[in-house]
There are 2 protein chains.
Amino acid sequence: MRILIVEDDYFHASFLQNVIAEALPEVTETLHAQDGLQGEAAARAGRFEAVVMDLQMARRNGIEAARTIWDERPRTRILFWSNYSDEAYLRGVAEIVPAKSAYGYVLKTASRERLKLVLRAVLLEGQVMVDREIQRLRRRSASHRHVLNDSEYAVLLDLALGLQDRLIAERRGLSLRTVQNRLLTLYAKLGVSDEEPSMPGLNKRVRALSRAISTRILNVEMLETAQRDLESWLGERPVNEKAPPTQEGDGAR
Amino acid sequence: MRILIVEDDYFHASFLQNVIAEALPEVTETLHAQDGLQGEAAARAGRFEAVVMDLQMARRNGIEAARTIWDERPRTRILFWSNYSDEAYLRGVAEIVPAKSAYGYVLKTASRERLKLVLRAVLLEGQVMVDREIQRLRRRSASHRHVLNDSEYAVLLDLALGLQDRLIAERRGLSLRTVQNRLLTLYAKLGVSDEEPSMPGLNKRVRALSRAISTRILNVEMLETAQRDLESWLGERPVNEKAPPTQEGDGAR
DNA sequence: ACAAATGATGCGGGAGCCCGCACTTCTACC
DNA sequence: GGTAGAAGTGCGGGCTCCCGCATCATTTGT
């Protein structure tokens with residue numbers, strides 16, 4: 001069995017190699033890539049069955065690297081290994097994992113024993129496994145602020161990219177008013193409201209993004225990924241011009 | 001000489017201790033705190049002259065920890081040691097460093113030799129020193145998107161927190177129109193505009209925040225710090241009610 | 001099968017936002 | 001001293017946004 005390690009921190013990478021050697025004696029070879037791009041290239045060339053992937057790397061983050069790896073070989077088993085349990089990462093991973101494959105998610109703070117366990121479970125036995133520490137954190141925040149469903153999350157992403165209502169409606173195939181309803185519930189779930197005595201007049205739209213980021217429902221990596229997705233959507237869109245209800249050559253604006 | 005290390009990653013902390021022992025033989029004792037809060041407490045109790053501080057830690061980030069340490073003992077020398085060179089961190093540090101003190105900023109990817117050099121220069125000799133790698137990155141992005149001056153940055157923070165124009169004006173002691181002018185230049189400098197052929201109707205306000213985050217001009221840590229500052233400002237504000245429609249003596253300006 | 005709940009949509013209006021135009025300080029450079 | 005440029009402010013208009021009120025369609029419970 002051959003394993004690819006994608007990890008930009010030298011210490012973490014060598015620790016991982018060490019643990020792998022101990023937990024998985026059936027491994028015959030491990031390769032170490034330093035960032036997402038290298039990881040993609042290595043996976044393409046090396047045909048690994050198993051990958052341990054850091055998230056949050058320069059040049060190409062772990063989610064995007066995993067996506068292209070899975071696009072090319074959907075059976076690859078990938079264990080995500082990260083310092084953070086941002087909801088954004090979990091949603092990002094859940095969105096791209098193919099049916100054929102197995103994956104896992106562990107925190108870097110997990111004990112050596114737990115890491116070994118997850119390594120075996122995911123990479124060797126093909127189980128799906130999420131560190132119970134993450135489930136715990138997840139549950140705790142869920143009790144507080146309500147959980148976003150997929151359609152709300154999609155709208156949140158669009159909002160975060162700066163799209164205005166009309167465009168969101170077009171992209172998601174909804175009416176304008178419906179989008180605004182989604183935003184409404186989004187505001188509620190993110191705790192954006194004027195009722196706060198301390199919080200006076202605020203711009204709900206921006207505030208929503210702000211809170212989504214503070215609470216790690218969104219993070220930079222997923223924002224960048226979403227931006228790329230948006231661009232490709234814009235690309236294949238049939239130069240759809242809006243027949244503006246009003247008239248005529250308003251020229252560049 | 002006694003040194004406090006504030007760092008939540010075990011491997012990095014022990015590597016650092018190792019390098020310190022080698023670079024600074026005059027150190028008689030090092031203490032290791034695992035996050036910002038612990039770091040503040042340790043600094044308060046231990047009266048260290050020198051600190052090596054990670055940014056991006058749970059519970060209390062490095063900037064905030066440094067701020068309270070410097071509030072209590074302004075001569076403490078602090079070396080910031082981070083994986084990232086986000087502009088947000090640099091501005092955050094620059095904002096809080098007291099005149100009496102010395103500080104430095106190194107990337108974790110710096111070579112062992114450079115780390116040793118910076119350790120001696122900052123902690124021992126009291127120089128101010130920023131890793132040249134950071135200057136380089138800084139310069140590169142500066143050429144591209146224009147650099148924000150302090151007042152624009154302040155407005156950006158307010159925008160990011162979700163304040164609306166009126167409140168920003170009040171907080172910064174400006175007229176409404178002036179705030180809007182600032183926002184205008186902010187949009188320009190962040191590259192938010194409709195001229196993009198690809199980018200159709202977008203919400204400039206949100207887009208500005210989005211881009212500020214993507215380009216690391218802002219990051220989560222500084223957003224949270226700014227939020228706390230805002231809350232304390234709101235706290236000491238004299239329950240200022242808006243005499244809404246009309247105007248009159250709005251006092252401060 | 002009927003009622004209640006949930007979700008999508010339309011309409012309309014008050015408020016906030018973006019920004020062109022014009023006027024006034026304030027600052028800087030000959 | 002004078003003039004040009006930058007920054008601050010006011011006014012007004014067009015557009016987006018937030019959201020209450022009301023109407024259907026779909027889903028769910030009993």
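Computed over heavy atoms, backbone and side chain alike; hydrogens, waters and symmetry mates excluded. Each chain gets a letter, A, B and so on, in the order the sequences are listed, and its residues count up from 1.
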Decide yes or no for A:Phe80 and A:Val93: does some side-chain heavy atom of the first lie under 4.5 Å from some side-chain heavy atom of the second?
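A side-chain contact exists here, since the closest heavy-atom pair is under 4.5 Å.
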Quick one: is B:Asn203 getting a side-chain N or O under 4.0 Å of the D:dC17 phosphate, OP1 or OP2?
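So the side-chain polar atoms of B:Asn203 do come within 4.0 Å of the phosphate oxygens OP1 or OP2 of D:dC17, strictly under.
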Taking only side-chain N and O atoms of A:Lys204, does any of them lie within less than 4.0 angstrom of OP1 or OP2 on C:dG16?
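For C:dG16, OP1/OP2 do not have a side-chain N/O of A:Lys204 under 4.0 Å.
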Nearest whole angstrom, please: distance from the [atom2] of [N] to the [atom1] of [X].
X        : N      : atom1 : atom2 : answer
A:Tyr187 : C:dG16 : OH    : C1'   : 13 Å
A:Asp158 : D:dC17 : CG    : P     : 13 Å
B:Leu186 : D:dA7  : CG    : P     : 14 Å
B:Ile168 : D:dG8  : CD1   : P     : 14 Å
B:Arg172 : D:dG8  : CZ    : P     : 14 Å
B:Glu152 : D:dA7  : CD    : C1'   : 11 Å
B:Leu183 : C:dC17 : CG    : P     : 9 Å
B:Leu159 : C:dC17 : CG    : C1'   : 11 Å

Does the side chain of A:Trp70 pick up a donor-acceptor pair with the side chain of A:Thr76 at under 3.5 Å?
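Absent: no donor and acceptor within the cut-off.
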Classify the side-chain pair B:Thr185/B:Glu152 by whether it contains a donor and acceptor separated by less than 3.5 Å.
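There is such a pair (donor and acceptor under 3.5 Å, judged by atom type) between the side chains of B:Thr185 and B:Glu152.
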Any N/O pairs under 3.5 Å between the protein and nucleotides 5-12 of chain C? List them or say none.
residue : atom : partner  : partner atom : Å
C:dA8   : OP1  : A:Arg182 : NH1          : 3.3
C:dA8   : OP2  : A:Arg182 : NH1          : 3.0
C:dT9   : OP2  : A:Ser175 : N            : 2.9
C:dT9   : OP2  : A:Ser175 : OG           : 3.4
C:dT9   : OP2  : A:Thr178 : OG1          : 2.4
C:dT9   : O5'  : A:Ser175 : OG           : 3.1
C:dT9   : O5'  : A:Thr178 : OG1          : 3.4
C:dG10  : O6   : A:Arg177 : NE           : 3.3
C:dC11  : N4   : A:Arg177 : NE           : 3.0

Should the pair A:Arg91 and A:Tyr153 be classed as cation-pi, given the thresholds of under 6.0 Å to the six-membered ring centre and 45° from the axis?
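Yes, cation above the ring, under 6.0 Å and within 45°.
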Sequence neighbours excluded, which residues qualify as salt bridge (Lys or Arg N to Asp or Glu O under 4.0 Å) partners of [X]?
X        : result
A:Arg77  : none
B:Arg114 : B:Asp131
A:Glu221 : none

To the nearest 10°, give me the bend of the helix from C:dA1-D:dT30 to C:dC30-D:dG1, comparing the axes of its five terminal pairs at either end.
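Taking the rotation axis at each end, their angle is 40°.
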Is B:Glu133 paired with B:Arg136 through a side-chain N to carboxylate O contact shorter than 4.0 Å?
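Looking at B:Arg136 and B:Glu133, the cut-off is met.
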I'd like to check the side chain to side chain contact (heavy atoms under 4.5 Å, CB included) partners of B:Leu159; sequence neighbours left out, ordered by chain and number.
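A:Val206, B:Leu183, B:Tyr187, B:Arg205, B:Leu209.
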